[in-house]
Amino acid sequence: ARGDRAWCKIVDDAQTMGVDLNFPTPEGETVLYMAALQHYSLCVQKLIAAGVKANVQITSTSRDHGSCALHACVSGGKSGVESKEQVDIIASLMAYPETNPCLFDGMART
């Protein structure tokens, strides 16, 4: 929860400064992708409210190639332990009209 609140503060500050919240790292990771991967549900909800792109896919050649925020939450590093935050993120992303649940990642998973 502390990390989630810290990320929310960073997002607030970034919005105040006019930072593009969709801007990816060289690997294609966005703030939404990383927040979903870390199961930061408050931050994911804040980013969705800001209108970020939900379907940006990882461009690196790692095992995460082609993953988007929904993939990160469902099959990322913390996915083995189901949590309320994970369920909240999945529900938020699925309710967000921008989210395409039919995107395949680099391992042909949806």
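- Put simply, the side chain of V11 reaches to within 4.5 Å of the side chain of V31, judged on heavy atoms.
- Here the closest heavy-atom approach between residue T99 and residue A54 is recorded as OG1-CB, 3.5 Å.
- At a threshold of 4.5 Å between side-chain heavy atoms, the hydrophobic network of Ile, Leu, Val, Met, Phe, Trp and Tyr places I90 and L42 in two separate groups.
- To the nearest 0.5 angstrom, Q45 atom CD is 13.0 Å from Y96 atom OH.
- Smallest separation of non-hydrogen atoms from A50 and L21: CB-CD1, 4.1 Å.
- Clustering ILVMFWY residues whenever any of their side-chain heavy atoms sit less than 4.5 angstrom apart, transitively, puts L37 in the very cluster that holds M94.
- Connection of M34 to V56 is not established within any shared hydrophobic cluster, with ILVMFWY side chains joined at heavy-atom distances below 4.5 Å, either directly or through further cluster members.
- Note that NZ of K46 is 12.5 Å distant from CD1 of I48, once rounded to the nearest 0.5 Å.
- The two residues E82 and V87 make their nearest non-hydrogen contact at OE2-CG2, 4.0 Å.
- Taken to the nearest 0.5 Å, the CG atom of D105 stands 4.5 Å off from the OG atom of S67.
- In terms of heavy atoms, P101 sits closest to L70 at CA-CD2, 4.1 Å.
- Residue Q57 comes nearest to C68 through the heavy atom pair CG-CB, 4.3 Å, listed as atom of the first residue, atom of the second, then distance.
- Paired with V52 under the rule side chain to side chain contact (heavy atoms under 4.5 Å, CB included), one option of D20, V44, T30, L47 passes, and it is L47.
- Among pairs with a residue in residues 4-25, those fulfilling ring pair (Phe, Tyr, Trp, His ring centres under 6.0 Å) read W7-Y40, at least two apart in sequence or across chains.
- Considering SG of C43 and CZ of R5, their distance stands at 12.5 Å, rounded to 0.5 Å.
- Remark: side-chain polar atoms of D4 are paired, donor with acceptor, to backbone N or O of S41 under 3.5 angstrom.
- Hydrophobic clustering, defined by side-chain heavy atoms of Ile, Leu, Val, Met, Phe, Trp and Tyr closer than 4.5 Å, groups M17 together with V19.
- Put simply, the side chain of Y33 reaches to within 4.5 Å of the side chain of I58, judged on heavy atoms.
- For the pair H39/D88, no side-chain contact is recorded, criterion being any heavy-atom separation below 4.5 Å from C-beta on.
- No side-chain heavy atom of H65 sits less than 4.5 Å from a side-chain heavy atom of T59.
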